[in-house]
Amino acid sequence: MSKSPVRVAVTGAAGQIGYALLFRIAAGEMLGKDQPVVLQLLEIPDEKAQKALKGVMMELEDCAFPLLAGMEAHSDPMTAFKDVDYALLVGARPRGPGMERKDLLSANAQIFTAQGKALNAVASRNVKVLVVGNPANTNAYIAMKSAPDLPRRNFTAMLRLDHNRAASQIAARTGKPVASIEKLTVWGNHSPTMYADYRFATIGGQSVKQLINDDAWNRDTFLPTVGKRGAAIIEARGLSSAASAANAAIDHMRDWVLGSNGKWVTMGIPSDGQYDIPQDVVFGFPVTTENGEYKLVEGLEIDAFSRERINLTLKELLEEQDGVKHLL
Ligand SMILES: NC(=O)C1=CN([C@@H]2O[C@H](COP(=O)(O)OP(=O)(O)OC[C@H]3O[C@@H](n4cnc5c(N)ncnc54)[C@H](O)[C@@H]3O)[C@@H](O)[C@H]2O)C=CC1
Ligand SMILES: O=C([O-])CC(=O)C(=O)O
């Protein structure tokens, strides 16, 4: 028997990530090739943005996707999020050259109080939320805190792009296929302080740390390359990553919903205090996913270098949180 459609909200639907994301969701790449979707698309109440959104919807129509069971354009989160099962919160200002993601906080934070409140009021009680708009961890924290009637664990931030970037760098360095890398993670904030960690990673059962065996490369090349990749893309393209961000959003939601088959993936999730990360801080952690739930990988050894890196990214997140406490 065919499945009933699920409702997927995407904000910033006429933006560059939206344009790389919607067609893949409608093609079944996020929720499965047997799962029909209704897209509930949100853009700002501005004539130009709404017109651009209509154009994107015309193109979606022209793809004649068999799984696209419906499509709606909205300018108010209270209608866009009605009964949604999944919400991808992409719409927010991107940074330009010379900016850090946290410089966007004052411009973007209010978006996530309003959208958190709207999700709280009208979304499905099981809604799974992915925050992509930057600074993603703190925006996810704001949305979660603004939605007290929804389970905290349903709010997540996107660290998957960082995870995928780290995997590609390791594949290039070792000459092994990217798909063979397991047990990789990125701790902390989606910012240059993130800590991409391959100490536990394996390729075909072999330790990646031993295969690479070069602490200087880890510290001086790998970590800065992964941490500053977003800025390198902006420098090269004149615009921030869009297709790779959309791809990571698909990976994040697909694994959350359909399971990671025992593999570690990185998700930004509200802490329950593990690894000495205070309760509620939305932090990149290694997780496995099964039956629509994520489970933190616990009990990993944190050595002195890792503790220093984790403390640094935590400090930045706590400062960001402090900067938005007047909104909560
Ligand atoms: N977490 C991550 O790994 C990544 C996050 N990003 C972030 O994603 C966000 C979106 O990036 P792009 O699509 O490139 O930007 P964009 O500027 O091309 O599109 C953003 C869209 O959001 C819309 N928008 C703004 N405020 C809104 C609101 N309150 N409700 C609904 N829509 C709203 C705008 O009208 C625009 O169409 C940025 O904050 C960017 O920094 C980008 C890449 C990776
Ligand atoms: O760097 C940016 O501003 C966009 C982003 O988050 C990324 O590419 O990781």
Side-chain angles (χ1 to χ4, degrees), residues 9-22 40-56 73-81 87-119 130-140 142-143 156-166 186 188-194 196 225-253 266-268 282 284:
V10 178
T11 73
Q16 33 150 22
I17 296 177
Y19 196 66
L21 179 62
L22 295 171
Q40 302 189 184
L41 306 174
L42 181 67
E43 258 299 341
I44 49 173
D46 161 89
E47 202 180 320
K48 210 167 144 216
Q50 289 293 325
K51 192 170 167 206
L53 177 56
K54 291 279 154 37
V56 174
H74 294 273
S75 58
D76 179 350
M78 288 293 282
T79 56
F81 295 161
L88 286 82
L89 307 186
V90 178
R93 226 182 100 186
R95 64 174 168 155
M99 291 171 80
E100 281 305 340
R101 298 185 188 95
K102 63 186 166 197
D103 299 334
L104 295 168
L105 204 48
S106 54
N108 289 341
Q110 273 133 7
I111 297 175
F112 294 87
T113 45
Q115 294 188 356
K117 284 180 188 163
L119 286 165
L130 169 63
V131 176
V132 174
N134 277 318
N137 298 55
T138 298
N139 288 337
I142 295 170
T156 66
M158 194 163 93
L159 269 291
R160 185 59 177 264
L161 181 52
D162 311 302
H163 179 112
N164 290 348
R165 286 168 172 165
V186 182
N189 198 7
H190 175 61
S191 87
T193 66
M194 72 181 81
T225 301
V226 176
K228 295 183 192 153
R229 186 69 164 186
I233 304 279
I234 293 171
E235 174 61 27
R237 234 170 66 83
L239 286 170
S240 63
S241 337
S244 55
N247 179 67
I250 297 267
D251 285 350
H252 176 117
M253 291 306 269
T266 303
M267 290 173 69
V282 177

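Read the numbers this way: they start at 1 and go in the same order the structure lists the ligands and their atoms.
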**Q** Report every pair formed by an N or O atom of ligand 1 and a protein N or O atom separated by less than 3.5 Å, giving atom names and the distance to 0.1 Å.
**A**
from     : atom 1 : to   : atom 2 : distance (Å)
ligand 1 : 1 (N)  : V132 : O      : 3.1
ligand 1 : 3 (O)  : H190 : NE2    : 3.1
ligand 1 : 6 (N)  : N134 : ND2    : 3.3
ligand 1 : 13 (O) : Q16  : N      : 3.4
ligand 1 : 13 (O) : I17  : N      : 3.0
ligand 1 : 14 (O) : Q16  : NE2    : 2.8
ligand 1 : 18 (O) : Q16  : N      : 2.9
ligand 1 : 30 (N) : Q115 : NE2    : 3.4
ligand 1 : 32 (N) : G12  : N      : 3.3
ligand 1 : 35 (O) : E43  : OE1    : 2.7
ligand 1 : 37 (O) : E43  : OE1    : 3.4
ligand 1 : 37 (O) : E43  : OE2    : 2.6
ligand 1 : 39 (O) : R93  : O      : 2.9
ligand 1 : 39 (O) : N134 : N      : 3.1
ligand 1 : 41 (O) : N134 : ND2    : 2.8

**Q** Quick check against the 3.5 Å criterion: does N134 have a side-chain atom that pairs as donor or acceptor with the backbone of R101?
**A** no

**Q** Taking E100's backbone N and O only, do any of them form a donor-acceptor pair with D103's side chain (distance below 3.5 Å, no angle check)?
**A** yes

**Q** Please confirm whether the backbone N or O of V186 pairs with a side-chain atom of T266, one donor and one acceptor, at under 3.5 Å?
**A** yes

**Q** Can you tell me which residue and heavy atom of the protein come closest to atom 2 (C) of ligand 2, and the distance to 0.1 Å?
**A** R95 NE, 3.2 Å

**Q** Could you walk me through whether I111 and I142 pass the side chain to side chain contact (heavy atoms under 4.5 Å, CB included) test, one step at a time?
**A** CA-CA 9 Å; I111 297 175; I142 295 170; over 6 Å; no

**Q** Please write down residue, atom name and distance for the protein heavy atom closest to atom 5 (C) of ligand 2.
**A** R101 NE, 3.4 Å

**Q** Could you tell me whether the side chain of T138 and the main chain of P135 form a donor-acceptor pair under 3.5 Å?
**A** no

**Q** Got the closest protein heavy atom to atom 6 (O) of ligand 2, with its distance?
**A** H190 NE2, 2.6 Å

**Q** Do S241 and R165 meet the criterion of a side-chain donor-acceptor pair at a distance under 3.5 Å?
**A** yes

**Q** Under a heavy-atom criterion of less than 4.0 Å, does M99 contact ligand 2?
**A** no

**Q** Which atoms of ligand 2 have any heavy atom of S240 under 4.0 Å away?
**A** 4 (C)

**Q** Heavy-atom contacts under 4.0 Å between I233 and ligand 2: side chain, backbone, both, or neither?
**A** neither

**Q** Given R165, R229, R237, identify the one with the heavy atom nearest to atom 9 (O) of ligand 2.
**A** R165

**Q** Between N137 (side chain only) and G188 (backbone N and O only), is there a donor and an acceptor less than 3.5 Å apart?
**A** yes

**Q** Do any nitrogen or oxygen atoms of S241 come within less than 3.5 Å of a nitrogen or oxygen of ligand 2?
**A** yes

**Q** Regarding N164 and D251, is there a side-chain donor-to-acceptor distance under 3.5 Å anywhere?
**A** yes

**Q** Give yes or no for whether the N/O distance cutoff of 3.5 Å, strictly under, is met between D162 and ligand 2.
**A** no

**Q** Among L42, L41, I44, whose side-chain contact (heavy atoms from CB on, under 4.5 Å) with L53 holds?
**A** L41

**Q** Mind checking whether N134 has a heavy atom under 4.0 Å from ligand 2?
**A** yes

**Q** Does T11 use its side chain to pair, donor to acceptor, with the backbone of G91 at less than 3.5 Å?
**A** yes

**Q** Are any side-chain N or O atoms of E43 and backbone N or O atoms of A14, one a donor and one an acceptor, separated by less than 3.5 Å?
**A** yes

